[in-house]
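For this chain, numbers begin at 1 and follow the sequence in order.
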Amino acid sequence: MPSTNEAGVFLGVDGGGTKTAFALLTGDGELLATALAPSSYYLGHSIDLVEEVLRAGVESVCGETGIPAAAFTYAFVALPGYGEVSADLDTLNAIPGRVLGHQRYRCDNDMVAGWAGSLGAVDGVNVIAGTGSMTYGERAGRGLRVGGWGELFDDEGSAYWIAIRGLNAFARMSDGRLPAGPLLRHLRDHLRLATDLDLVDVVLNRWQGDRMRVAALARVVTAAAADGDTECAAILREAGVRLADLVLATVDRLGYAPGEVVPVSWSGGVFASDEVREAFRERLDGAPVELCTPLLPPVLGAALYAARLAGTPLRAEAVDRLRTHATTVPQGGDDA
């Protein structure tokens with residue numbers, strides 16, 4: 001068996017709706033291997049998908065390093081949809097054991113990987129705004145999720161939420177119920193609409209309302225806002241407010257003491273929008289929070305959390321060492 005690092009070897013898995021990322025690192029911050037596999041989002045598919053994806057990714061990092069899974073000190077597996085069907089938890093929790101050949105691991109929702117990466121796996125709150133939206137925070141060993149109830153009646157401020165409001169604005173602009181703005185041209189060009197009513201055919205008939213494809217239209221809303229569309233800019237600002245409200249609710253429910261400053265970070269493609277970030281910051285102005293630029297991508301956060309769960313959290317200098325890889329490691333999660 002190849003020798004392993006004295007500080008430990010930790011596996012992080014960041015699952016998502018479009019792809020799943022893997023990272024193997026040492027306790028002193030050396031990145032040993034990465035891998036990318038298909039989506040591990042099993043809802044609507046067979047739960048067996050999770051084992052197939054995990055097995056492929058683990059075999060890849062083991063093959064690259066020569067370190068067998070049995071030698072991993074600890075693993076953290078972040079899965080999309082985890083915890084949203086309570087009847088599936090026992091099955092999901094057993095899967096990594098079959099792949100790794102030991103019980104030194106934990107599973108949880110992929111929101112935990114986003115939090116751990118953004119804040120370096122220390123107490124605080126992370127807000128996720130990709131296809132969906134939610135917050136996850138930890139304080140003194142207690143973890144809390146707020147939001148993320150799904151696109152049908154929640155996921156406020158998410159890419160899907162933005163896209164739906166953009167589609168509504170397009171319909172009203174086309175009808176003359178709203179003044180015409182750049183969104184009309186941007187969406188017509190993006191979807192190659194022969195007529196505006198072909199939007200119904202594309203979204204409802206061809207796409208069947210597919211969550212990922214709809215959410216991807218948030219980029220069109222952002223582009224139209226950058227082109228001067230005031231309605232789209234208002235949608236993005238409202239998204240920033242809704243995301244900040246998730247943070248405020250999380251801070252309140254975690255029971256931080258008066259005067260205690262809470263580190264807050266963010267992850268997800270929605271925060272690429274200037275309007276979203278500005279409204280988010282303005283809403284939190286005066287709140288007892290410190291906004292922290294995300295440190296690491298979720299897959300490295302998952303590995304950091306594995307080390308924390310093992311009782312050997314990485315030191316600050318090891319986290320700094322990992323930051324040199326922040327833009328080069330494969331990204332799990334969603335494309336939105």
Looking at [atom1] of [X] and [atom2] of [Y], how far apart are the two atoms once the value is rounded to the nearest 0.5 Å?
| X | Y | atom1 | atom2 | answer |
| --- | --- | --- | --- | --- |
| Asp196 | Asp175 | CG | CG | 9.0 Å |
| Arg192 | Asp189 | CZ | CG | 10.0 Å |
| Arg219 | His186 | CZ | NE2 | 15.0 Å |
| Asp320 | Leu296 | CG | CG | 9.0 Å |
| Arg237 | Arg242 | CZ | CZ | 14.0 Å |
| Glu151 | Ser133 | CD | OG | 10.5 Å |

Can you see which heavy atom on [X] is nearest to which on [Y], and at what distance?
| X | Y | answer |
| --- | --- | --- |
| Gln331 | Pro297 | NE2-CB, 3.2 Å |
| Ala159 | Ala218 | O-CB, 3.4 Å |
| Met173 | Gly181 | SD-N, 3.5 Å |
| Thr26 | Leu314 | O-CD2, 4.0 Å |
| Asn109 | Gly81 | ND2-N, 3.8 Å |
| Cys107 | Pro96 | SG-CG, 3.4 Å |

Option passing side chain to side chain contact (heavy atoms under 4.5 Å, CB included) with Glu138 (candidates Asn126, Asp123, Leu119): Asp123
May I ask you to test the [X]-[Y] pair for a side-chain heavy-atom distance under 4.5 Å?
| X | Y | value |
| --- | --- | --- |
| Ile128 | Ser267 | yes |
| Pro68 | Cys62 | no |
| Val299 | Val13 | no |
| Phe76 | Leu304 | no |
| Leu248 | Leu284 | yes |

Same apolar cluster: [X] and [Y], side chain cutoff 4.5 Å:
| X | Y | answer |
| --- | --- | --- |
| Leu236 | Val241 | no |
| Val202 | Met212 | no |
| Tyr305 | Met134 | yes |
| Leu89 | Ile47 | yes |
| Tyr160 | Val220 | yes |

Pair Asp88, Tyr42: side-chain N/O donor-acceptor within cut-off below 3.5 Å: yes
Side-chain donor-acceptor contact under 3.5 Å, Thr250 with Thr135: yes
Pair Leu25-Val9, side chain to side chain contact (heavy atoms under 4.5 Å, CB included): steps then yes or no: CA-CA 6 Å; Leu25 55 83; Val9 177; over 6 Å; no
Sidechain N-carboxylate O distance under 4.0 Å for [X], [Y]:
| X | Y | result |
| --- | --- | --- |
| Arg145 | Glu84 | yes |
| Arg315 | Asp28 | no |
| Arg172 | Glu231 | yes |

Glu238 and Trp161: CA distance, side-chain angles, deciding distance, side chain to side chain contact (heavy atoms under 4.5 Å, CB included) verdict: CA-CA 10 Å; Glu238 180 64 17; Trp161 186 94; 3.5 Å; yes
Main-chain N/O of [Y] paired with [X] side-chain donor or acceptor, under 3.5 Å:
| X | Y | answer |
| --- | --- | --- |
| Asp229 | Cys232 | yes |
| Ser40 | Thr20 | no |
| Arg277 | Phe271 | yes |
| Glu51 | Asp48 | no |
| Ser118 | Gly114 | yes |
| Thr65 | Val61 | yes |
| Asp14 | Pro298 | no |
| Asp198 | Asp201 | no |
| His102 | Ala69 | yes |
| Thr324 | Arg321 | yes |

Residues Arg206, Arg213; criterion side chain to side chain contact (heavy atoms under 4.5 Å, CB included); working and verdict: CA-CA 11 Å; Arg206 297 186 218 168; Arg213 299 178 85 169; over 6 Å; no
Aromatic ring proximity, centroids under 6.0 angstrom, Phe72 and Tyr105: no
Test side chain to side chain contact (heavy atoms under 4.5 Å, CB included) applied to Leu31 and Thr34, step by step: CA-CA 8 Å; Leu31 183 62; Thr34 62; 3.9 Å; yes
Positive for ring-ring contact (aromatic ring centres under 6.0 Å, His included) with Tyr136, one of Tyr82, Trp266, Trp115: Trp115
